[in-house]
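First the structure, in the form of structure tokens, and then the observations on it.
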Amino acid sequence: IPELGHKYYLQFSTEDYRTGEDAGSCLATVLYPKKKSPPVVSIKCSHTKDQKEIQEEDNRLYQKIRHQTKPITGNNIPDSYGNIEPALEPVWALAVAGSSSIMWEKSTETLGYFLAQVKSVRQWIRKDDFIEFDYTILLHEIPTQEIISCHMRLTWLPGRPVKVKHFCASTSHGTDEGSGAESGSAAGGSAEKGANF
């Protein structure tokens, strides 16, 4: 689109992250603006799971985390052999959800990201119903093959989008990048720059 950028139309299928089962199909448009800003995404999905089933899974995950007797901590998830301890699967699942909003914000037409590893995670005990974690995550940058380290603070309550604040140390692009409170949902969110933890 002259003066604006490139717009892509995509059709793709999705799968359940844990089980690998078919989770539905999506149609999306992605606009990469010429100015340096996150892509503009519009997405519509048909789901094979109903919303009640998704909410029940979210509640099971939430209850598992809430009923820990002490704060959850962990390092190197997955380990160097690709294994994840069953007790740490919930914090890995939340890291995947939270890091997706960072990857969306940092991605360009020529750079993409994958969550490579959770270097460390620590749960914060809160007085309200939200659960909160501090993560140090490693993102694999494609095609440069660089590993980018990011600090991510994630808060979540079932029925609401995951909220993420982050700060990434970027070696190849010269500056450090961060965001304010961002909702990690398929609909996207707005980022406020320069957040402090």
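- Residues Phe12 and Leu31 do not share a hydrophobic cluster, defined by chaining ILVMFWY side chains whose heavy atoms lie under 4.5 Å apart.
- Ser99 contributes atom OG, which lies 11.0 Å from atom CG of Leu138 (distance to the nearest 0.5 angstrom).
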Could you list the donor-acceptor pairs under 3.5 angstrom formed between side-chain atoms of residues 2-11 and any protein atom two or more places apart in sequence or on another chain?
residue, atom, partner, partner atom, Å
His6, ND1, Glu109, OE1, 3.3
His6, ND1, Glu109, OE2, 2.8
Tyr8, OH, Glu109, OE2, 2.5

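- Identified under the salt bridge (charged side-chain N to carboxylate O under 4.0 Å, His left out) test for residues 76-97, with sequence neighbours left out: none.
- The side-chain heavy atoms of Trp92 and Pro78, taken from C-beta on, include a pair separated by under 4.5 Å.
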Please test Ser25 against Ser46 for side chain to side chain donor-acceptor pair (under 3.5 Å), starting from the C-alpha separation and ending with a verdict. CA-CA 6 Å; Ser25 59; Ser46 64; 3.3 Å; yes

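- Taking CD of Glu56 as the reference point, atom CG of Asn59 lies at 8.0 Å (rounded to 0.5 Å).
- Among all heavy-atom pairs drawn from Asp16 and Glu57, the shortest one is OD2-OE1, 4.1 Å.
- With sequence neighbours excluded, the residues forming a side chain to side chain donor-acceptor pair (under 3.5 Å) with Thr108 are Thr110, listed by chain and number.
- For the pair Arg126 and Trp124, the NZ or CZ position fails the cation-pi test of under 6.0 Å to the six-membered ring centre and within 45 degrees of the ring normal.
- Minimum heavy-atom separation, Leu139 to Leu115: CD2-CA, 4.0 Å.
- Just one of His151, Gln123, Lys165 meets the side chain to side chain donor-acceptor pair (under 3.5 Å) condition when paired with Asp134; it is His151.
- Counting heavy atoms from C-beta on, the side chains of Met152 and Phe133 never come closer than 4.5 Å.
- The minimum heavy-atom distance between Ile131 and Tyr62, with the atom names listed, is CG2-CE1, 3.9 Å.
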Residues Trp156, Val164; criterion side-chain contact (heavy atoms from CB on, under 4.5 Å); working and verdict: CA-CA 9 Å; Trp156 178 60; Val164 173; over 6 Å; no

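- Considering only residues two or more places apart in sequence or on other chains, Gln145 meets the side chain to side chain donor-acceptor pair (under 3.5 Å) condition with His140.
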Walk me through it: do Ile43 and Leu27 pass the test side-chain contact (heavy atoms from CB on, under 4.5 Å)? CA-CA 6 Å; Ile43 187 166; Leu27 294 170; over 6 Å; no

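- Residue pairs meeting the disulfide bond (SG atoms under 2.5 Å apart) criterion with at least one partner in residues 23-98, sequence neighbours excluded, are Cys26-Cys45.
- Hydrophobic clustering (side-chain heavy atoms under 4.5 Å, transitive across Ile, Leu, Val, Met, Phe, Trp, Tyr) keeps Tyr32 apart from Ile1.
- In the hydrophobic cluster analysis, where Ile, Leu, Val, Met, Phe, Trp and Tyr join through side-chain heavy atoms closer than 4.5 angstrom, Leu157 is grouped together with Leu94.
- In this structure, OG1 on Thr144 lies 6.0 Å from CG on Leu111, to the nearest 0.5 angstrom.
- Put simply, the side chain of Ser149 reaches to within 4.5 Å of the side chain of Thr136, judged on heavy atoms.
- Using a 4.5 Å heavy-atom threshold, the side chains of Val91 and Ile77 count as touching.
- Considering all non-hydrogen atoms of both residues, Ala169 and Ile148 come closest at O-CG2, 3.4 Å.
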Stepwise, does the side-chain contact (heavy atoms from CB on, under 4.5 Å) test hold for Val121 with Ile137? CA-CA 9 Å; Val121 60; Ile137 60 171; over 6 Å; no

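- Within the 4.5 Å cutoff, side-chain heavy atoms of Leu88 are placed close to those of Ile72.
- In this structure the side chain of Glu15 never reaches within 4.5 angstrom of the side chain of Asp22, judged on heavy atoms.
- Grouping Ile, Leu, Val, Met, Phe, Trp and Tyr residues whose side-chain heavy atoms lie under 4.5 Å apart, directly or via other members, places Phe114 in a hydrophobic cluster with Ile142.
- Of the possible polar contacts, none joining the Ser120 side chain to the Asn75 backbone as a donor-acceptor pair under 3.5 Å is found.
- Taking every heavy atom of both residues into account, Ser107 and Gly112 meet most closely at OG-CA, 4.2 Å.
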Lys119 and Asn76: CA distance, side-chain angles, deciding distance, side chain to side chain donor-acceptor pair (under 3.5 Å) verdict: CA-CA 5 Å; Lys119 282 308 286 176; Asn76 302 320; 2.7 Å; yes

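- Note: Arg66 CZ to Leu61 CG = 13.0 Å, rounded to the nearest 0.5 Å.
- In this structure, CD on Gln117 lies 13.5 Å from OH on Tyr135, to the nearest 0.5 angstrom.
- Nearest heavy atoms, Asp58 versus Pro158: O-CG, 4.3 Å.
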What do the steps show when you test Ile102 against Cys168 for side-chain contact (heavy atoms from CB on, under 4.5 Å), and what is the final call? CA-CA 9 Å; Ile102 301 173; Cys168 295; 3.9 Å; yes

